[in-house]
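Take a look at the structure set out below.
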Amino acid sequence: MTLYPVAAREGLLSVLDLINMKARGEKIACLTAYDASFGQLVDEAGVDVILVGDSLGMVVQGSSSTLAVSMDDMVYHTRCVVKTNKRALVLADLPFMSCASIDLALHNAARLLRESGAQMVKIEGSKPEIVSALVAEGVPVCGHLGLLPQSINQLGRYAVQGKSVVAADKIIEEAVALEQAGISLLVLECVPSVLTERLSQALSIPIIGIGAGGHCDGQVLVLYDILDISVGKRPRFSKNYMAESSTIQAAVGAFVKEVKAQEFPSLEHGF
Ligand code: KIV
């Protein structure tokens, strides 16, 4: 794989750094954060990517899904994280319905990059035409396949995806189409490890897994889950890092260390 020269912007990691990490075999550690204090804490603990996820709808706003999160919410929370971040790449979610057309996606991605300082946007689902339009305008895009929380009303429940051969093949086809459209990163949520292994052979971009097993280039978890303070039950694929840590800083540091050492996820966290 090509190693690109790294042009750091104000000391921040860029998407090229992530591609180089994959080429070196260094695992990418990613956590969510939604405010300045936790943003600073996870950045200082060595997280490579901070995801300002629309999971904030559940863990910050107390909703039962991510659907109520607005563009204004995303801009506000991303701006808070960006203010204290010094090194991590800040990736922000395009929330439900914010990229239902190319015009809407261009407008909303511009808001996240201009008004909040995000470096990359994440789009849920198979939308290659939207990805191409954003990439053509210079916006780095992360795809998101597998379990799609924004489609919960179609799915009915938060469950493992891609279990049948047909469903697995569809996810692989969609991922390849997204890569061809220009995504430079893929979040893969809640799929069997065998599917992740197949995908890692089909794609050349880094794959960041959540409940997707160890055949990934990095791992992402919801911060409040690893600190065991989420509203509701912690998902099986996550881990309570407070169980063996006396401070939040130590818990986040342990997550980063375990991802880098490929100790997380273990088999019990996969499907
Ligand atoms: O919103 C979020 O936190 C996410 C993760 C679950 C990957 O998209």
* Asked: When rounded to the nearest 0.5 angstrom, what is the spacing between CE in Met21 and CD1 in Ile19?
  -> 12.0 Å
* To do: Please confirm whether the backbone N or O of Pro235 pairs with a side-chain atom of Ser238, one donor and one acceptor, at under 3.5 Å?
  => no
* With Lys86 via side-chain hydrogen bond (donor to acceptor under 3.5 Å, both in side chains) - residues at least two apart -> none
* To do: Hey, could you give me the NZ/CD1 distance between Lys127 and Ile102, rounded to the nearest 0.5 Å?
  => 12.0 Å
* salt bridge (Lys or Arg N to Asp or Glu O under 4.0 Å) partners of residues 202-225, not counting sequence neighbours, each pair once -> Lys22-Asp217
* Asked: Run the side chain to side chain contact (heavy atoms under 4.5 Å, CB included) check on Cys216 and Ile208 step by step: do they pass?
  -> CA-CA 6 Å; Cys216 296; Ile208 310 288; over 6 Å; no
* Would you say Val121 and Leu91 make side-chain contact, with heavy atoms under 4.5 Å? -> no
* Asked: What is the minimum heavy-atom distance between Ala45 and Gly253, and which atoms define it?
  -> CB-N, 4.2 Å
* Quick check: does any side chain N or O of Glu179 sit under 3.5 Å from a backbone N or O of Ile205, one acting as donor and the other as acceptor? -> yes
* Distance from Leu203 atom CG to Leu188 atom CG, nearest 0.5 Å? -> 9.0 Å
* Would a 4.5 Å heavy-atom cut-off, applied to side chains only, mark Gln40 and Asp43 as touching? -> no
* Taking it one step at a time, do Met120 and Ser184 satisfy side chain to side chain contact (heavy atoms under 4.5 Å, CB included)? -> CA-CA 10 Å; Met120 187 178 209; Ser184 20; 3.6 Å; yes
* Asked: Would you find a donor on one side and an acceptor on the other, under 3.5 Å apart, between the side chain of Thr32 and the backbone of Leu223?
  -> yes
* To do: Would you name the heavy atoms of Gly146 and Val191 that are closest together and state the gap between them?
  => CA-CG1, 3.7 Å
Side chains of residues 157-167: which donor-acceptor pairs under 3.5 Å do they make with residues two or more places apart or in other chains?
residue, atom, partner, partner atom, Å
Gln161, NE2, Ala159, O, 2.9
Ser164, OG, Ala167, N, 3.1

* To do: Before giving the answer on side chain to side chain contact (heavy atoms under 4.5 Å, CB included), spell out for Leu147 and Leu155 the whole-Å C-alpha distance, their side-chain angles and the decisive distance to 0.1 Å.
  => CA-CA 9 Å; Leu147 176 61; Leu155 298 172; 3.6 Å; yes
* Residue pair Leu94 / Ala109: nearest heavy atoms and the distance that separates them -> CD2-N, 4.0 Å
* Mind checking whether Leu178 and Ile123 have side chains closer than 4.5 Å, heavy atoms only? -> no
* Asked: Is there side-chain contact between Leu104 and Ile130, with heavy atoms separated by less than 4.5 Å?
  -> no
* To do: With the side chain counted from C-beta on, respond yes when Phe237 and Leu221 share a heavy-atom pair under 4.5 Å apart, and no when they do not.
  => yes
* Quick one: which of Glu244, Glu268, Glu258 gives a salt bridge (charged side-chain N to carboxylate O under 4.0 Å, His left out) with Lys239? -> Glu258
* To do: Return the set of residues passing ring-ring contact (aromatic ring centres under 6.0 Å, His included) with His269 (not counting sequence neighbours), or none when no residue passes.
  => Phe264
* To do: Find out if a path of hydrophobic residues (ILVMFWY) with successive side-chain heavy-atom gaps under 4.5 Å connects Ile229 to Leu41.
  => yes
* Within one Ile-Leu-Val-Met-Phe-Trp-Tyr cluster: Val194 and Leu199, side-chain cutoff 4.5 Å -> no
* Which residues share a side-chain hydrogen bond (donor to acceptor under 3.5 Å, both in side chains) with Lys260, sequence neighbours left out -> Glu26, Asp48
* Can you list the steps and then say if Ser151 with Glu124 is a side chain to side chain donor-acceptor pair (under 3.5 Å)? -> CA-CA 9 Å; Ser151 303; Glu124 266 189 41; 5.1 Å; no
* Do Met74 and Leu106 belong together in a cluster built from hydrophobic side chains that touch within less than 4.5 Å? -> yes
* Quick one: which residue pairs count as a salt bridge (Lys or Arg N to Asp or Glu O under 4.0 Å) with a foot in residues 62-79, not counting sequence neighbours? => Asp72-Arg111
* Check whether Leu31 and Val60 end up in the same hydrophobic cluster, where Ile, Leu, Val, Met, Phe, Trp and Tyr are linked by side-chain heavy atoms less than 4.5 Å apart. => yes
* **Closest approach of Gln150 to Leu67 (non-hydrogen atoms, all atoms of both residues)** => O-CD2, 3.3 Å
* Set of residues satisfying side-chain hydrogen bond (donor to acceptor under 3.5 Å, both in side chains) with respect to Arg198, sequence neighbours excluded -> Asp169
* Structure fact -> Taken in chain and number order and not counting sequence neighbours, the residues that satisfy ring-ring contact (aromatic ring centres under 6.0 Å, His included) with Phe255 are Tyr241
* More than 12 heavy atoms of other groups within 6.0 Å of Gln154 CD -> no
* To do: Please check if Met242 and Val42 belong to a single hydrophobic cluster, counting links between Ile, Leu, Val, Met, Phe, Trp and Tyr side chain heavy atoms closer than 4.5 Å.
  => yes
* To do: Let me see the working for Val81 and Asp35 under side chain to side chain contact (heavy atoms under 4.5 Å, CB included), right down to the final yes or no.
  => CA-CA 5 Å; Val81 168; Asp35 66 35; 5.6 Å; no
* **Atom pair CD (Gln219) and CD (Gln262), whose distance is rounded to the nearest 0.5 Å** => 9.5 Å
* Straight-line distance of Leu227 CG to Arg234 CZ, nearest 0.5 Å -> 11.0 Å
* **Glu129: side-chain hydrogen bond (donor to acceptor under 3.5 Å, both in side chains) partners, not counting sequence neighbours** => none
* To do: Evaluate the side-chain proximity of Leu12 to Leu89: yes if any heavy-atom separation is below 4.5 Å, no if none is.
  => no
* To do: Flag the pair Leu112 / Met71 as yes when at least one side-chain heavy-atom distance between them is below 4.5 Å, and no otherwise.
  => yes
* **For Gly46 against Val256, the heavy-atom pair lying closest together** => O-CG1, 3.8 Å
* For Val75 and Ser116, which heavy atoms make the closest approach, and how far apart are they? -> O-CB, 3.5 Å
* Structure fact -> d(Asp228 CG, Ile226 CD1) to nearest 0.5 Å is 10.5 Å
* Asked: Judged by atom type as modelled, is there a donor-acceptor pair below 3.5 Å linking the side chain of Thr84 to the main-chain atoms of Ala36?
  -> yes
* Under the 3.5 angstrom rule, does the side chain of Thr66 hit a backbone N or O of Asp54 as a donor-acceptor pair? -> no
* **Side-chain touch Ile248/Phe38, heavy atoms, less than 4.5 angstrom** => yes
* Structure fact -> The ring-ring contact (aromatic ring centres under 6.0 Å, His included) partners of Phe96 (sequence neighbours excluded) come to none
Output side-chain donor-acceptor pairs under 3.5 Å for residues 132-143, partner residues at least two apart or in another chain, one line each.
residue, atom, partner, partner atom, Å
Ser132, OG, Pro128, O, 3.0

* Asked: What residues form a salt bridge (charged side-chain N to carboxylate O under 4.0 Å, His left out) with Asp93, not counting sequence neighbours?
  -> Lys122
* Derivation of the side chain to side chain donor-acceptor pair (under 3.5 Å) call for Ser55 and Tyr34 -> CA-CA 9 Å; Ser55 51; Tyr34 319 98; 2.7 Å; yes
